[in-house]
Amino acid sequence: MKTAILGPAQRAEALARMAERELDILVVGGGVVGAGTALDAATRGLSTGLVEARDWASGTSSRSSKLIHGGLRYLEMLDFALVREALKERGLLLERLAPHLVKPVPFLYPLQHKGWERWYAGSGVALYDAMSVSSGHGRGLPVHRHLSQKRALRVAPCLKRDALVGALQYYDAQMDDARYVATMVRTAAAYGAQVANRARVVGFLREGERVVGVRVEDVEGGGDYEIRAQQIVNATGVWTDDTQALIGERGQFHVRASKGIHLVVPKDRIHSTTGLILRTEKSVLFVIPWGRHWIVGTTDTGWDLDKAHPAASSADIDYLLEHVNEVLATPLTRDDVEGVYAGLRPLLAGESDATSKLSREHTVAHPLPGLVVVAGGKYTTYRVMAKDAVDEAVHGLDQRVADCVTEDVPLVGAEGYRALWNARARIAARTGLHVARIEHLLNRYGSLTEELLELVVADPSLGEPLAHADDYLRAEAVYACTHEGARHLDDVLTRRTRISIETFDRGTRSAREVAELIAPALGWDEDQVEKEIAHYRKRVEAERESQRQPDDLTADAARLGAPDIVPL
């Protein structure tokens, strides 16, 4: 299979091709579900298009807890079917579909009561492990273990002694959510899908009752396109109701947004060899290992303000710090926080007023001929959501269509990853890069690492780390634009890399170096370079200002102080 390249030329060509002839399926929305739906459709042999108004994964799918998990807390809600489904998907991703991107991660659950709690929590975790193994894809993770207080403190010395009487340790998995989506878009393109980001749907085409296409605005080039398709899939997450409104039809269900915020702190601020899972009065709190950092989250509160840029308020940050500090021997302060990000979960509106009680299951509907809507769900089960959406769309196609095959379709970079991992010392010797650099690249790009190394061979300066974000090589910034569809400085610093949340300066010190690196690939002149840098700095300042505000209303107003689009 030839690896697809998502550069500026390929994007322009994809838009033109989508407008040339009617597609079988057009997917609207470039998050994890939309990308998964495009991959599912393309691998069934259907002519497929995918459009996204902003950048790939720029909404919910880049702002999650970055966990691939069965949802241990859903066992307590007796939602066994959801947990079983998610555990099967977790195993598939770890073992077959994306072993280069999805990695095991241990979690410690502190016990605070002697006797009954160990039995109660232990039974739940044992059932979790058993359901994982019974799925047929769970043997790659260690099973849970019971720890005494002394052994738990040895594993996690950061904990207060009086915060636990013992602990359970179990395993789940994690990934870089934005990188995962970008990789899936490239995989869909490799199987023939036409894909274009920064292509906003501004209207739907109708013939009587039937939806037959969309009008798309090229946000970059300024042109307009009419793209026709036999079936259109609305996979726009928290924007589902807004997209339905463009058709002038009420949906069969509604999606509510729940805001979750996360803090990023340096690794040395929390002395532990394992992640933590803590119970709060509303939900659970995770402390998740993240390279040279920890991610602390999350909150779960309703949000009905700006969906494109949900804002974390000072109250949100205080909430997380207060709860994590209840168990930490050395408390975290505001000064320890490197990055903050806020995301919105798309939850199906139901009877409950509390977003934490709304369903994490998904639903698929066919509200009009030619239109399928998929919404709800959770990141881990994106593949099942995509399958169900395409299965529904197939009913409206006048042809025989193959069954879903994505259970056996690895993402690009997965094939050969383990062999390259075993050869990482030889690759390091051949390239002159430290073996730790090669490991970093393999765990971000898998076997596509060879494409990055070719850039370094052509220009050895690209093998140097970025001056103010030395976890990343200069080649990675260039590759993001030439191969991964990044169109702006913000795309590179926020989603192709995580510099925006992994440095205390939020990426502002890296902005000029990165902008000048990517300018040739994107055809920028000096004026556009300056605009990109100024835009990024305004965005960071607006986010910082929002995080000083006391509540959602004032935080939202502060965040909207920065423009959304970089002027051309």
Side-chain angles (χ1 to χ4, degrees), residues 4-31 33-35 37-39 41-42 46-59 181-182 185-186 188-208 210-237 239-240 242-249 308 368-374 389-390 393 396-397 481 484-488 491 522-523 564-568:
I5 293 174
L6 305 184
Q10 288 77 17
R11 175 187 172 279
E13 183 182 352
L15 277 171
R17 285 193 172 184
M18 282 189 273
E20 277 177 4
R21 63 184 181 87
E22 185 183 53
L23 299 166
D24 292 325
I25 289 182
L26 174 69
V27 184
V28 181
V33 176
T37 302
L39 176 60
L46 298 170
S47 60
T48 304
L50 171 65
V51 292
E52 159 60 38
R54 297 190 294 157
D55 185 28
W56 306 122
S58 56
V181 173
V185 171
R186 286 188 71 184
Y191 283 101
Q194 302 297 328
V195 303
N197 54 355
R198 307 281 177 181
R200 178 181 289 116
V201 170
V202 294
F204 284 78
L205 307 176
R206 299 277 292 267
E207 290 181 1
R210 187 172 188 83
V211 177
V212 297
V214 298
R215 291 196 309 278
V216 170
E217 174 194 358
D218 180 357
V219 179
E220 297 291 302
D224 291 307
Y225 296 85
E226 284 195 356
I227 301 175
R228 292 180 172 266
Q230 290 190 48
Q231 293 289 312
I232 294 165
V233 179
N234 175 3
T236 52
W239 286 272
T240 297
D242 304 72
T243 308
Q244 292 296 102
L246 290 174
I247 310 171
E249 296 280 345
L368 290 169
L371 178 69
V372 171
V373 184
V374 55
V390 178
L397 297 180
C481 300
E484 297 182 326
R487 300 284 303 162
H488 292 281
D491 300 343
L522 297 174
D564 187 31
I565 300 295
V566 182
L568 294 172

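- The only member of L15, T48, L50 that meets side-chain contact (heavy atoms from CB on, under 4.5 Å) when paired with V195 is L50.
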Could you walk me through whether I227 and R215 pass side-chain contact (heavy atoms from CB on, under 4.5 Å), step by step?
CA-CA 6 Å; I227 301 175; R215 291 196 309 278; over 6 Å; no
How far apart are the C-alpha atoms of Q230 and L23, what are their side-chain angles, what is the distance that settles it, and do they pass the side-chain contact (heavy atoms from CB on, under 4.5 Å) test?
CA-CA 6 Å; Q230 290 190 48; L23 299 166; over 6 Å; no
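- What you find for M18 and Q194 is that their closest heavy atoms are CG-CB, 3.6 Å.
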May I have the step-by-step check of side-chain contact (heavy atoms from CB on, under 4.5 Å) for V202 and V216, ending in yes or no?
CA-CA 6 Å; V202 294; V216 170; over 6 Å; no
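- Judged purely by atom type and a 3.5 angstrom limit, R487 has no side-chain atom pairing as donor or acceptor with the backbone of G7.
- Counting only N and O atoms by type, the side chains of Q231 and D24 include no donor and acceptor under 3.5 Å apart.
- With S58 contributing its side chain and W56 its backbone, the two residues share no donor-acceptor pair below 3.5 Å.
- Residue A41 comes nearest to V390 through the heavy atom pair N-CG2, 4.1 Å, listed as atom of the first residue, atom of the second, then distance.
- Here the side chains of L522 and P8 are in contact, with some heavy-atom distance below 4.5 Å.
- Distance alone, capped at 3.5 Å, is enough to place a donor-acceptor pair between the N234 side chain and the T236 backbone.
- Judged purely by atom type and a 3.5 angstrom limit, R186 uses its side chain to pair as donor or acceptor with the backbone of A4.
- The minimum heavy-atom distance between Q244 and L371, with the atom names listed, is OE1-CD2, 3.6 Å.
- Side-chain N or O atoms of R17 include none that pairs as donor or acceptor with a backbone N or O of G49 at under 3.5 Å.
- Side-chain atoms of R200 do not come within 3.5 Å of backbone N or O of E52 as any donor-acceptor pair.
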Taking it one step at a time, do V233 and V28 satisfy side-chain contact (heavy atoms from CB on, under 4.5 Å)?
CA-CA 6 Å; V233 179; V28 181; over 6 Å; no
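- A salt bridge (Lys or Arg N to Asp or Glu O under 4.0 Å) with R228 holds for exactly one of E20, E207, E22; it is E207.
- Here the closest non-hydrogen pair linking A188 and A42 is O-CB, 4.1 Å.
- The heavy-atom pair separating A235 from V374 by the smallest distance is CB-CG1, 3.9 Å.
- Across all non-hydrogen atoms, the minimal contact from V211 to R206 is CG2-CD, 3.7 Å.
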